[in-house]
Q: 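My structure is below; once you've seen it, I'll send some questions.
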Amino acid sequence: MSIWTRIADALAALRKGEGLAAVFEQFRTPPERSVAFTIAVIALGAKMAKADGLVTRDEVAAFREVFTIAPEDEAQAAKLFNLARQDVAGFEDYAARVAKMFGDDRAPLCDLMEGLFHIAMADGEYHEAEDEFLQRVAEILGFDDRRFRTIRAQFVPDAERDPYDVLGVSPDMPIDDIRKVWRDAVRESHPDRLMARGLPEEAIKLAEARLIAVNTAWDQINGKAA
């Protein structure tokens, strides 16, 4: 059974007056978390699109880059997106439910933030409303300001980029220790690791920007040490 079939079943089971947030309660544990991740990215992405007042073709294309949507599933994807946009529940409620679902498992929440940044940058611009939206989502998910800036630097070209922040290390760490952190970060971006965290296969592309960022950061730090 595909992800979209499970989503369609969950949407069909909603009682009159229930919002999409109720669906999250059905997908608390693996392997269903892959469904929850898909719903979370699309639901929060829809709320973010509403925040800046315009859904562009580029944003729709960005969803297609993250999720491979077959022609027969497009109607369900559109229904999910529109339901999220029209739901009376605010994005803060969505974010809080996602945070509760994953608890202390920070990695999927980081994947979620990266997916939202990917969608935000789809039109080539990073709007003030999107920044405010993403900062608030990050806060609800439990990310501090440094971690938020690190993720933003991976996607926003003119964002401040400190290579030490990107890797989460300090300048006074021995280079061998920094090298180990870099290797661990590369290993954590491997598709097998991401799928083990419950990401749907379609969303593995989200790791590409992270991998580029950590490799660039390592090259910069290692270049200074040479």
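Along the sequence shown, residues carry numbers from 1.
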Q: Identify the two heavy atoms, one from Gln220 and one from Pro163, that lie closest to each other, and give their separation to 0.1 Å.
A: OE1-CB, 3.3 Å
Q: Taking C-beta and beyond as the side chain, do Arg152 and Leu134 meet within less than 4.5 Å on heavy atoms?
A: no
Q: Sequence neighbours excluded, which residues qualify as salt bridge (Lys or Arg N to Asp or Glu O under 4.0 Å) partners of Asp172?
A: none
Q: Tell me, please, which residues at least two apart from Gln135 pass side-chain hydrogen bond (donor to acceptor under 3.5 Å, both in side chains).
A: Asp131
Q: For residues 211-219, tabulate all N or O donor-acceptor pairs below 3.5 Å that involve a side-chain atom, not counting sequence neighbours.
A:
unit_1, atom_1, unit_2, atom_2, d
Asn215, OD1, Trp182, NE1, 2.8
Asn215, ND2, Leu211, O, 3.3
Thr216, OG1, Ile212, O, 2.8

Q: Indicate if Leu109 and Ile140 have the same hydrophobic cluster label, given that clusters are the connected sets of ILVMFWY residues with side-chain heavy-atom separations under 4.5 angstrom.
A: no
Q: Salt-bridged, Lys180 to Asp177, with N to O below 4.0 Å?
A: no
Q: Side chains of Lys47 and Tyr94: does their closest heavy-atom pair fall under 4.5 Å?
A: yes
Q: Test of understanding: with side-chain hydrogen bond (donor to acceptor under 3.5 Å, both in side chains), list the residues that count as partners of Glu139, not counting sequence neighbours.
A: Arg136
Q: Do Asp9 and Arg6 have side chains that get closer than 4.5 Å, going by heavy atoms?
A: no
Q: To the nearest 0.5 Å, what is the distance between NE2 (His127) and CD (Glu132)?
A: 13.0 Å
Q: Say you draw a straight line from CE of Met48 to CZ of Phe133; how long is it, rounded to the nearest 0.5 Å?
A: 6.0 Å
Q: Is there a side-chain contact between Met113 and Phe148 (heavy atoms, below 4.5 Å)?
A: yes
Q: At what distance, to the nearest 0.5 angstrom, does CZ of Arg97 lie from CG of Leu44?
A: 12.0 Å
Q: As an exercise, state the distance from CG of Leu167 to CD1 of Ile221, rounded to the nearest 0.5 Å.
A: 4.5 Å
Q: Hey, does Glu114 have a side-chain heavy atom less than 4.5 Å from the side chain of His118?
A: no
Q: Checking Asp145 now: which residues fulfil side-chain hydrogen bond (donor to acceptor under 3.5 Å, both in side chains) with it, not counting sequence neighbours?
A: Arg149
Q: Working to the nearest 0.5 Å, report the span between CZ of Arg146 and OH of Tyr164.
A: 12.0 Å
Q: Please identify each residue that fulfils ring-ring contact (aromatic ring centres under 6.0 Å, His included) with Tyr126, with sequence neighbours left out.
A: Phe117
Q: Can you confirm whether Cys110 sits close enough to Arg147 that some side-chain heavy atom of one is under 4.5 Å from a side-chain heavy atom of the other?
A: yes
